[in-house]
Amino acid sequence: MMVMKKKACMAFLIRKLLPFVLVLAVLENHQVGARFVVEKGSITVLSPLDMRSKKDGAIGNFGVPDYGASMLGSVLYPDKGSNGCAAFEGDKPFKSKFPRPTILLLDRGECYFALKVWNGQQAGAAAVLVADSIDEPLITMDSPEESTDSDGYVEKIGIPSALIEKSFGDSLKQALEKKEDVVIRLDWRESVPHPDQRVEYEFWTNSNDECGIRCDEQMNFVKSFKGHAQILERGGYTQFTPHYITWYCPQAFILSNQCKSQCINNGRYCAPDPDREFGVGYEGKDVVLENLRQLCVHRVANVSNRSWVWWDYVTDFHIRCSMKEKKYDKKCAEDVLKSLSKYYSMVFLFGTFYSNSVSNGNNPIESDLPIDDIEKCMGDPKADVENEVLKTEQLLQVGRGSRGDVTILPTLVINNIQYRGKLDRTAVLKAICAGFKETSDPPICLSGDIETNECAEHNGGCWQDLQSNITACKDTFRGRVCECPAVKGVQYRGDGYTSCVAYGSARCSINNGGCWSETRDEVTFSACSESLLSGCSCPNGFRGNGQKCEDINECKDHLACQCDGCSCKNTWGSYECKCKGNLLYIKEQDACIERNGSRFSWFLTFLILAAVAGAGIAGYIFYKYRLRSYMDSEIMAIMSQYMPLDNNHNNRVQTEAEPLRQGSV
Ligand SMILES: *[C@@H]1O[C@H](CO)[C@@H](O)[C@H](O)[C@H]1NC(C)=O
Ligand SMILES: *[C@@H]1O[C@H](CO)[C@@H](O)[C@H](O)[C@H]1NC(C)=O
Ligand SMILES: *[C@@H]1O[C@H](CO)[C@@H](O)[C@H](O)[C@H]1NC(C)=O
């Protein structure tokens, strides 16, 4: 079945893309047909317990696979319309209740895969699994080639989808029949390899703008992704390489008019006629030449480490030189190059973003997209020789290792894995971001552009302070994380799930640090203090845990104003005490004293008292000193009567003990 599908697909490709005789380069190397690689994500059954297992799901080639992330959900298999080909009745009947989103299980068959997924999305499913209808290896669900009957729904699919094997689908259905809650995790974290800090990606495209929906899709992507691509490239986060598919003309037909009009370098590099009519409008070789020029723009710019110039050139060329306006030619291309060179040297003159080149000692005016270098790179299209650039492209079309052949445009390859999903700015950025080694994501990967919005529902289960509208929930492309935030310079600390507490001296400025505060009659009391780095404590006159404080009734609690005859009146945060008679209440001592005029006289009294006390102490010290001298000399006098003392001593004693010795000799 798989082989049949491949063959059918190749036949289709050849019919559609290769009018007449062109042969895709890969066919030369693979006799049987191109190799397709099915990109997978893993599906883990978590509940019921007896079904615990890990399976593969083939990532659908439309919608938005959650590259780099995972999704936990409950499986639902609809009672009616399980093939998902008709819209489900009701208003989002499968919209889930928190905490688990609904993963809708549908059966393969009877309509396009993309239509099933669209109907599932419309009914509120967060992801769709399609169970295969026969036993076979997994295949990639693709979007319908002709979207004439599709009212553009394919573009509007924004959920992930995967095809699962029939046996796995059957076991899920059996468990659901037994009314079990089947919980699974869809995981795309390993779907893009993420070995290091740089992501290599390539985009296989075409300069042709008249191939209808597929060409429009590519150009719209290039235009909308340009900004992201250039930021990533300039920051050195990615290495991007554009690629172009070419075909070759079989030997026997080289001299035919078809090959002459579709090929350059004597039938070596060809492209299908854009309008599929020979002799009218542009020919295949015009497309090959422009493709080659775009490759050379990239090569030449890459030499001076400015490969991102390709994005500017390609978008400008598309706008200024379209086939529709009959401007798809060399002259227009060179005008675009000239104005880009001018623009770059202007930017250089104003010195904004060329500091890099200047410090390298290059002359950016000369090395900027020199048309001569690009001509040289393109070579002579009429010559019967290989073109090194296009030859390399043809070799790269052939898959190697785990990688499939490139046969369909557009093809995006990220870290050597083919991207699945729609070619949409946000979806592609998500996949590229999943290619960085964890924790080395460039800032752009964490910007609002590719956030999930898991925080929107129940705050993602993270801590939240409703009053100040501060949350620990942060949407990232890898899913939500609960992390205590930093708000206005105040860092919150905690587990992020159940608690976050403001820390630091500035914390009182936000929601009063989460502490109690109340204002009455223009007087404010607060339990947050800048002197404490964390926590709350009720101010004097209040008691409580700091989150809640209440006034202490000092009167009732007999804490103050208990003096005889005093009258106590509680106030908010304090109390008033009145002494009986003419006495004055001194709050510090909680006592009443004689009222004695003004505050100043109290101060004077205090001063006098202090002076008296000071004099007393000084007198006492003096007295003690005198007493001690007196005692000393008396002892000396007594001792000198019993033992001979030297003269000195005698003298000293005599002098000092004068009063004592009076009248004794
Ligand atoms: C671009 O330049 C880098 C080195 O700066 C090199 O590794 C890479 O192969 C070049 N790409 C192409 C397509 O020449
Ligand atoms: C370009 O970048 C590579 C690697 O980052 C470096 O080795 C090379 O010297 C650079 N070339 C120019 C012209 O700056
Ligand atoms: C909380 O803040 C977010 C964004 O910061 C805003 O969208 C939301 O309306 C705010 N909610 C309230 C209750 O203020």
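Values below: all heavy atoms of this structure, side chains included; hydrogens, waters and symmetry mates excluded. Both ligands and their constituent atoms are indexed starting at 1 by order of listing.
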Atom NZ of K382 with >12 non-hydrogen neighbours under 6.0 angstrom: no
Within the 4.0 Å heavy-atom shell around Q239, which atoms of ligand 1 are there?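 Selected atoms, number and element: 3 (C), 6 (C), 7 (O), 8 (C).
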Any idea which of N302, N305, V389 brings a heavy atom closest to atom 12 (C) of ligand 1? N302
How long is the straight-line distance from CG of N291 back to OG1 of T205, given to the nearest 0.5 Å?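 Answer for the OG1-CG pair, T205 versus N291, is 8.0 Å.
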Check R299 against ligand 1 and report side chain, backbone, both or neither, counting heavy atoms closer than 4.0 Å. neither
For the ring-ring contact (aromatic ring centres under 6.0 Å, His included) test, which of W308, Y201, F225, F203 pairs with F240? Y201
Check the pair Y67 / Y419 against ring pair (Phe, Tyr, Trp, His ring centres under 6.0 Å), numbers first and verdict last. CA-CA 10 Å; Y67 281 112; Y419 167 81; 5.7 Å; yes
